[in-house]
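As the structure lists them, so they are numbered: ligands from 1, and atoms in each ligand from 1.
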Amino acid sequence: MVLTFVLIFEFKLDNNELIISFIVFATCSKQIMDIETKVVQGLPIHHSSTGSISTPIYQTATFRHPELGRSTGYDYTRTKNPTRDNLESTYAFLESGTVGVSFSTGMAAIAAIFELFSPKDHFIVCDDIYGGSYRFFRESCEKRGLEFTYTNTSLIENIKKCIQPNTKAIYVETPTNPMMKVSDIIEISKLAKEHNLVTIVDNTFLTPYFQRPLELGADIVTSSATKYLGGHNDTLTGLVAVKDSELGERLKFIQNTLGINAAPFDSWLILRGIKTLAVRMERQEKNAITLANWLQEQKLIKKVLYPGLKNHPEHEISKKQSSGFGGMLSFEVASKDLVAKILKNIKIISFAESLGGVESLITYPIVQTHADVPTEMLEKLGVNERLLRLSVGIESPDDLIADLCDAMSC
Ligand SMILES: *Cc1c(COP(=O)(O)O)cnc(C)c1O
């Protein structure tokens, strides 16, 4: 067994004494640590002065300089903060990237990525995209002169047809929101490289626990940590990880310049959430599979969209690129009236926006997350008045089934 030690020294002047804290992690030649271990251990900052297991929250706006020309490495929290540093390096570590950058929300992270580009740059984007991202592209990026083409990126031929001389990047969510379509990250990254394009993946739904786009060839991965990484429906944060360190530095420059970074306390909450990511994802997936199978058997349910089902069109691609199918599923009920009935009568599952937390949430995409997406686009996708999206939590699956069953009088 070969051990690799990575030491990051951090010098601090405290009561005129030099305190050295450091980050150590070891890898063995057999394999880099398993993801279950990585999420729990992260890249802990072991403080030699206290031995604290939890990363301290540096709730400070600014840092004292020892003397002219010397710095602790920290000047001002918008630029750099030790708690946030730890979240960023942990995310990069989990996504197999070199640099991690954190933001106040998932949307801020996406906004920072698009700051890398210039007017007239063109992007190919999956058509079934998170409503907030669509709104950002249309209301902010297009005004800045960026151009977008939306297509079903599950079919590589569609992407090929959309490439133009000014195309700069392919942007995908996989699985998508709310139609649960899956795109082949390996194939897309290959195509992108042939045309000198950047591949960007929004990995919010599966997280690095189930899917690591950078290992599959993507250049930039982003996550709304508000969802599974935080996992408790209590904090908003966005994360980006990249392989290329120069690109990472440009993102850090944007983060500092725009001042859209994650706060120290929020960074700490996300770090704490990540520790239980493995057990939560496993449980949420298990519950989702149980619910998907049950829903499929209900007469009042017309369609169930979940990549874990064998009848899902991209079930095989899913298995190839991800180690799990996640905890998100959508389903179409028999009538619009039934939607209203379910949303009114559910008791354990909450009718609320968002996803990925330990509590189960049900969303009505057409009026909530996708209210800003044009009707024609929604119709084409199949996001209709009968479609509901479920973020399956960690409750007892029997209780969740009973709740849905009671709500729709099945
Ligand atoms: C929620 C979400 C975002 C935006 O994240 P916020 O933290 O709400 O800003 C982006 N992409 C996907 C897939 C999401 O679900």
Just by distance, no angles: are the side chains of Asn256 and Thr79 close enough, under 3.5 Å, to form a donor-acceptor pair?
yes

Under 4.0 Å from a heavy atom of Met107: which atoms of ligand 1 are those, numbered in the order shown and with their elements?
4 (C), 5 (O), 6 (P), 9 (O)

Backbone or side chain, does any N or O of Ser133 fall under 3.5 Å from an N or O of ligand 1?
no

Ignoring hydrogens and geometry, is there a side-chain-to-backbone donor-acceptor pair from Arg386 to Ile301 under 3.5 Å?
no

Val358 side chain near Thr276 side chain, heavy-atom distance below 4.5 Å
no

CD/Glu88 to CG/Leu239 distance, rounded to the nearest 0.5 angstrom?
8.0 Å

Run the salt bridge (Lys or Arg N to Asp or Glu O under 4.0 Å) test on Lys80 and Asp85 for me, step by step, so that the C-alpha distance in whole Å, both residues' side-chain angles and the decisive distance to 0.1 Å come before the verdict.
CA-CA 7 Å; Lys80 203 165 150 64; Asp85 278 359; 3.1 Å; yes

Which of the atoms in ligand 1, numbered in the order shown and given with their element, are less than 4.0 Å from a heavy-atom of Asp202?
10 (C), 11 (N), 12 (C), 13 (C)

So which heavy atom in the protein is nearest atom 5 (O) of ligand 1, and how far is it from that ligand atom?
Ser224 OG, 2.9 Å

Considering non-hydrogen atoms of the protein only, which is the closest contact for atom 6 (P) of ligand 1, and what is the distance?
Gly106 N, 3.3 Å

Find all atoms of ligand 1 within a distance of less than 4.0 Å from any non-hydrogen atom belonging to Leu355, and give their numbers and elements.
15 (O)

So does Glu139 pair up with Lys143, basic N to acidic O under 4.0 Å?
yes

Please list the nearest protein heavy atom to atom 14 (C) of ligand 1 with its residue and the distance rounded to 0.1 Å.
Lys227 NZ, 3.0 Å

How far is atom 7 (O) of ligand 1 from its nearest protein heavy atom, and which residue and atom is that?
Thr226 OG1, 2.6 Å

Taking Glu36's backbone N and O only, do any of them form a donor-acceptor pair with Tyr209's side chain (distance below 3.5 Å, no angle check)?
no

Would you say Ile110 has any N or O atom under 3.5 Å from an N or O of ligand 1, going by distance alone?
no

Which residue holds the protein heavy atom closest to atom 3 (C) of ligand 1, what is that atom called, and what is the gap in Å?
Tyr130 CE2, 3.4 Å

